[in-house]
Chemist: 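My structure is below; once you've seen it, I'll send some questions.
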Amino acid sequence: MAAVDSTAGGPGAVSRRLPVRYPLTSYFVVAFAFSWVIEVPLALATLGVIPSIPVAVVAIAIVVATFGPLIAAFLVTALIEGGPGVVALLRRFVRWRVGVRWYLAVLVGIPLVIIIGTLLVPGAGESFDPSALAALVGYPMAFLMTVLLGGPLGEEPGWRGFALPRLQERHGPLRGSLILGVLWAAWHLPLFWSGVWTPPTVANIAMFTVMIVALTIIMTWVFNNAAGSLLIMILMHASFNAFANRVAAPLFPAPIFTDYGLLPVLIGFGLTAVVLIAVTRGRLGYAATTDAPGSEPVR
């Protein structure tokens with residue numbers, strides 16, 4: 001009697017085979033689906049298509065939605081690599097021995113890039129408000145809350161923990177970063193209509209997309225040189241979010257930022273990304289990667 005392969009059919013077998021064959025597609029589908037199921041109703045409520053949602057509920061929902069990439073990363077990893085893959089992903093959260101210079105790069109370098117980008121905007125320097133320096137007192141707490149609830153903890157295990165190594169392996173560091181940057185930007189789209197972000201104008205969406213792509217290129221360079229540490233990626237993401245919103249914006253309240261608040265980070269990250277591409281010839285430190293899951297060094 002012929003043996004029957006119990007894994008050959010049935011919905012359970014199909015659900016396991018698809019992520020194995022299409023890990024990146026599976027990851028992005030889950031990440032977008034989880035987050036957009038939460039965020040799209042928020043946008044529809046703001047537009048008046050469905051009844052309004054209490055402000056407290058909106059705030060909680062947006063925080064929950066940021067964990068879509070994390071959930072997708074662990075779910076797809078568990079399906080394609082099992083327990084060992086999940087453990088390996090978890091270990092990268094505590095990979096802290098990457099060199100002091102990379103902590104300085106993400107905690108000091110990113111704010112400096114934002115400040116430089118701000119000062120390049122006409123009228124920004126003249127708008128400097130020294131009284132806003134008081135915001136620095138609360139910056140450590142703002143930074144911690146940003147790590148936990150502002151996106152970095154929920155997003156980085158997916159974007160850099162799962163997707164980036166595989167995109168680099170398949171498309172190379174620069175093209176992989178461009179793909180990831182566009183998809184990362186697209187994942188945020190419902191927030192433009194949620195009432196908590198800048199207005200959903202063509203200019204704002206275009207500037208946000210370019211800025212995110214530039215930031216992705218910079219983060220890829222740091223990722224490749226910091227041994228794929230998710231800790232560094234989380235700190236870098238939080239450094240950008242917390243400093244831009246809690247320090248730079250109050251310090252430089254130039255009128256132009258009322259309509260184009262993304263200009264400082266767009267300019268700063270855009271110039272930095274161009275320099276990194278030129279200096280590394282598009283490799284973005286990929287040859288320095290030694291043990292990032294899903295990728296091997298390219299000599």
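Every heavy atom of this structure was used, including side-chain atoms; hydrogens, water molecules and symmetry mates were not. Here the structure is a predicted model, which means the values were calculated and not measured.
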Chemist: When you compare the side chain of P152 with that of T146, does any pair of heavy atoms fall below 4.5 Å?
Modeler: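 When only atoms from C-beta onward are counted, P152 and T146 do touch, with a gap below 4.5 Å.
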Chemist: Would you indicate whether the side-chain heavy atoms of F143 and L235 approach each other to under 4.5 Å?
Modeler: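 Heavy-atom side-chain distance check passes, below 4.5 Å.
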Chemist: Any side-chain heavy atom of V37 within less than 4.5 Å of one from F34?
Modeler: no
Chemist: Can the ring centres of W221 and W102 be said to be less than 6.0 Å apart?
Modeler: yes
Chemist: So do the side chains of I179 and H171 get within less than 4.5 Å of each other, counting heavy atoms only?
Modeler: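 They are in side-chain contact.
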Chemist: Mark yes when over 12 heavy atoms from residues, nucleotides or ligands other than Y103 sit less than 6.0 Å from its OH; otherwise mark no.
Modeler: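 Check passes, neighbour count above 12.
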Chemist: I'd like to know if E81 and R166 make a salt bridge, using a cut-off of under 4.0 Å between side-chain N and carboxylate O.
Modeler: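 Looking at E81 and R166, the cut-off is met.
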Chemist: Atom CG of L107 and atom CE of M236: how far apart are they, to the nearest 0.5 Å?
Modeler: 10.5 Å
Chemist: Give a yes or no on whether the backbone of A227 and the side-chain of R95 come within a donor-acceptor separation of less than 3.5 Å.
Modeler: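 Yes; at least one donor-acceptor contact below 3.5 Å.
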Chemist: If we check ring pair (Phe, Tyr, Trp, His ring centres under 6.0 Å) with F208, which of these qualifies: W187, W184, W197?
Modeler: W197
Chemist: According to a 4.5 Å side-chain heavy-atom criterion applied to Ile, Leu, Val, Met, Phe, Trp and Tyr, with indirect links allowed, do L180 and V29 form part of one hydrophobic cluster?
Modeler: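 No, because L180 and V29 fall into different hydrophobic clusters, even though each may have its own neighbours under 4.5 Å.
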Chemist: For side-chain contact (heavy atoms from CB on, under 4.5 Å), just list the numbers for L262 and V265, CA-CA rounded to whole Å, side-chain angles, deciding distance to a tenth of an Å, and then say yes or no.
Modeler: CA-CA 6 Å; L262 290 171; V265 286; 4.2 Å; yes
Chemist: Test ring pair (Phe, Tyr, Trp, His ring centres under 6.0 Å) on Y22 and Y27; report intermediate values, then the result.
Modeler: CA-CA 8 Å; Y22 308 104; Y27 162 75; over 10 Å; no
Chemist: Give, for atom CD1 of I277 and atom CG of L174, the distance between the pair rounded to the nearest 0.5 Å.
Modeler: 5.0 Å
Chemist: Is any side-chain heavy atom of I234 less than 4.5 Å from a side-chain heavy atom of F93?
Modeler: yes
Chemist: With the 4.5 Å side-chain cut-off for hydrophobic clustering, are Y139 and M141 part of the same group?
Modeler: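 As far as the 4.5 Å side-chain criterion goes, M141 and Y139 are connected within one cluster.
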Chemist: Step by step, would you call L178 with I217 a side-chain contact (heavy atoms from CB on, under 4.5 Å)?
Modeler: CA-CA 7 Å; L178 295 175; I217 290 170; 4.1 Å; yes
Chemist: Taking side chain as C-beta onward, heavy atoms only, is H237 less than 4.5 Å from V106?
Modeler: no
Chemist: Working note: I110 + F243, criterion side-chain contact (heavy atoms from CB on, under 4.5 Å); need CA distance, chi angles, decisive distance, verdict.
Modeler: CA-CA 9 Å; I110 289 297; F243 191 85; 6.0 Å; no
Chemist: Measuring only between side-chain heavy atoms, which start at C-beta, is F162 closer than 4.5 Å to L89?
Modeler: no
Chemist: Which atom names give the shortest non-hydrogen contact between T216 and G181, and what distance separates them?
Modeler: OG1-CA, 3.4 Å
Chemist: What distance do L47 atom CG and L42 atom CG have between them, rounded to the nearest 0.5 Å?
Modeler: 11.0 Å
Chemist: Nearest heavy-atom pair of S127 and A124: which atoms, and what distance?
Modeler: OG-O, 2.7 Å
Chemist: Working to the nearest 0.5 Å, report the span between CD1 of I212 and CH2 of W159.
Modeler: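 So the CD1 of I212 and the CH2 of W159 are separated by 10.0 Å.
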Chemist: Is F252 reachable from I256 through a run of I, L, V, M, F, W or Y residues, each pair having side-chain heavy atoms under 4.5 Å apart?
Modeler: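 Looking at the clustering, F252 is in the same group as I256.
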Chemist: Specify the closest pair of heavy atoms between L79 and V20, including all atoms of both residues, with the distance to one decimal.
Modeler: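 Closest heavy-atom pair between L79 and V20: O-CG2, 4.3 Å.
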Chemist: Please answer whether the main-chain N or O of V63 pairs with a side-chain N or O of T66 as donor and acceptor at a distance below 3.5 Å.
Modeler: yes
Chemist: Mark yes or no for whether S35, through its side chain, and F32, through its backbone, hold a donor-acceptor pair below 3.5 Å.
Modeler: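 Such a contact is absent between S35 side chain and F32 backbone.
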Chemist: With hydrophobic residues grouped by side-chain heavy-atom distances under 4.5 Å, do L148 and L230 end up in a single group?
Modeler: yes
Chemist: Counting only N and O atoms by type, is there a donor-acceptor contact under 3.5 Å from the side chain of T77 to the main-chain atoms of A73?
Modeler: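 The answer is yes, because a donor-acceptor pair under 3.5 Å joins these two groups.
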Chemist: For the hydrophobic clusters of this structure (ILVMFWY residues joined by side-chain heavy atoms under 4.5 Å, transitively), does one cluster hold both F74 and V87?
Modeler: no
Chemist: Looking at V137, D129, L136, which one forms a side chain to side chain contact (heavy atoms under 4.5 Å, CB included) with L133?
Modeler: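 Between L133 and the candidates, side chain to side chain contact (heavy atoms under 4.5 Å, CB included) is satisfied uniquely by L136.
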Chemist: Give me the atom names and distance for the closest heavy-atom approach of G282 to P173.
Modeler: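 It is O-CG, 3.5 Å.
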Chemist: Which heavy-atom pair separates R92 from G161 by the least distance, and what is that distance?
Modeler: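 The pair with the smallest heavy-atom distance is NH1-O, 2.9 Å.
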Chemist: Between L70 and E155, does the side-chain contact (heavy atoms from CB on, under 4.5 Å) criterion hold? Intermediate values first, please.
Modeler: CA-CA 6 Å; L70 179 149; E155 295 183 42; over 6 Å; no
Chemist: In Å and rounded to the nearest 0.5 Å, what is the CG to CD1 distance from N225 to I232?
Modeler: 11.5 Å
Chemist: If you take all heavy atoms of S229 and V98, which pair is closest and at what distance?
Modeler: CB-CG1, 3.9 Å
Chemist: Would you say the side-chain atoms of S194 pair up with the backbone N or O of L191, donor to acceptor, closer than 3.5 Å?
Modeler: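 Yes: the side chain of S194 pairs with the backbone of L191.
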Chemist: Does any part of the side chain of E156, heavy atoms only, come nearer than 4.5 Å to the side chain of M219, both counted from C-beta?
Modeler: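 Side chain of M219 against side chain of E156, heavy atoms only: contact under 4.5 Å found.
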Chemist: In Å, rounded to the nearest 0.5 Å, how long is the span from CG of N224 to OG of S177?
Modeler: 7.5 Å
